[in-house]
Amino acid sequence: MTPTTRSAGLLAAGALLLTSGCAALSDDSGSSASGSDSGKVEVAAAFYPLEFVAERVAGDLAEVTPLTKPGVEPHDLELSINQTAALQSADLILTEHGFQPAVDDAVEQDVKGEVVDVEKVVELRKAEEEGHEEGHEEEHAEDEHAHGETDPHFWHDPLLMAQYAEGVRDALVEADPDNAETYEANAKALTEDLTKVDEEFKTGLAQCKIKDVVVSHDAFAYLDKYALEFESIAGLTPDAEPNPAQLAEIGEHAKEHGVTTIFSERLVSTALADTLADDLGLKTAVLDPIEGLSADTEGEDYLSLMRQNLDALKAANGCQ
């Protein structure tokens with residue numbers, strides 16, 4: 001073989017490899033169910049409650065990538081290169097606008113999948129001002145700037161979670177119509193589980209000696225449907241700390257309403273709750289916002305964590 005002939009052969013082989021590689025990349029970025037060889041729908045879920053719904057409704061038919069790993073406070077999420085790539089390649093992107101700025105920014109970039117935004121599926125309640133006096137209006141304004149005018153923590157109402165599951169089901173059916181019956185059956189089973197938890201809360205909190213609850217941050221307002229009233233130390237975000245006058249006011253509120261327990265939470269510092277409880281001579285306990293899993297709760301799921309919260313509220317509030 002002459003040098004010229006050999007060079008031509010090498011060029012032809014290289015062109016063939018380049019063409020094959022481009023074809024593979026084209027397949028990865030196409031509209032088929034997955035960029036992998038699994039053929040499954042690829043779902044990117046912004047934080048844990050959305051991940052839970054996706055996993056339950058999709059079952060084994062999807063690959064669900066959680067963007068918020070256990071131990072990470074979802075408000076503080078910063079996306080890695082791999083997570084950004086997962087967003088860009090996902091068939092479905094489950095998110096809640098205003099809850100995680102990093103995810104919002106990434107979604108506004110080049111994503112090919114359908115975005116299932118909570119606020120388009122669930123009617124969120126308005127964020128309510130707690131009624132603290134001086135200084136709270138500024139804190140409330142900061143929360144509104146971060147979250148908008150709605151309270152994002154809808155998952156504490158199991159029936160709203162069921163409503164969200166219907167939206168995820170519909171998106172999965174559209175992405176993968178061949179498996180529509182499975183998605184519909186899975187969503188129905190999840191709705192039954194969520195309805196059962198809702199009934200357990202209604203029954204468990206129906207007769208409580210104490211109706212007021214003091215919590216770390218304003219993540220539990222959706223639970224007031226069970227006839228409890230929640231007073232938060234911080235605002236809608238865990239890092240929205242109160243000033244000393246607000247802490248004193250919360251302390252007076254706790255005394256006036258016979259509160260026995262100050263609730264802290266996982267994933268963020270318990271210092272404020274611990275200090276307030278110590279000053280008032282009250283107990284402390286954990287009420288999980290279920291915004292994300294922690295090292296202690298990796299083996300749990302949304303349903304078990306909701307039931308743990310129910311048990312904690314019953315114990316603190318003298319519920320029969």
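These values consider heavy atoms only, across backbone and side chains, with no hydrogens, waters or symmetry-generated copies.
- The local environment of CD in Glu114 is crowded, with over 12 non-hydrogen atoms from other residues, nucleotides or ligands closer than 6.0 Å.
- Just one of Thr297, Asp288, Asp296 meets the side-chain hydrogen bond (donor to acceptor under 3.5 Å, both in side chains) condition when paired with Arg266; it is Asp288.
- When Phe52, Tyr48, Phe47 are each tested for a side chain to side chain contact (heavy atoms under 4.5 Å, CB included) with Ile290, only one passes: Tyr48.
- For Glu200, the CD atom is densely surrounded, since the number of other residues' heavy atoms within 6.0 Å is greater than 12.
- In terms of heavy-atom proximity, Met161 sits nearest to Pro49 at CE-O, 3.9 Å.
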| request: Evaluate the criterion ring pair (Phe, Tyr, Trp, His ring centres under 6.0 Å) for residue pair Phe99 and Trp155; output intermediate values, then yes/no. | output: CA-CA 13 Å; Phe99 190 69; Trp155 55 90; 5.8 Å; yes
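- Scanning for side chain to side chain contact (heavy atoms under 4.5 Å, CB included) contacts around Ala165 gives Val53, Val57, Leu190, with sequence neighbours left out.
- Checked by atom type and distance alone, the side chain of Glu73 pairs as donor or acceptor with a backbone atom of His75 at under 3.5 Å.
- His257 and Glu252 share no donor-acceptor pair across their side chains, judged by distance under 3.5 Å alone.
- Note that the CD atom of Glu199 and the NZ atom of Lys196 stand 11.0 Å from one another [nearest 0.5 Å].
- When all heavy atoms of Ile210 and Gly258 are compared, the pair lying nearest together is CD1-O, 3.1 Å.
- Between the CG atom in Asp224 and the NZ atom in Lys211 there is a gap of 12.0 Å [rounded to 0.5 Å].
- The closest side-chain donor-acceptor pair between Asp198 and Tyr226 falls under 3.5 angstrom.
- Paired with Ser216 under the rule side chain to side chain contact (heavy atoms under 4.5 Å, CB included), one option of Ser264, Pro289, Ser269, Ser232 passes, and it is Ser264.
- Both the sub-6.0 Å distance and the 45° axial angle are satisfied by Arg125 relative to the ring of Tyr222.
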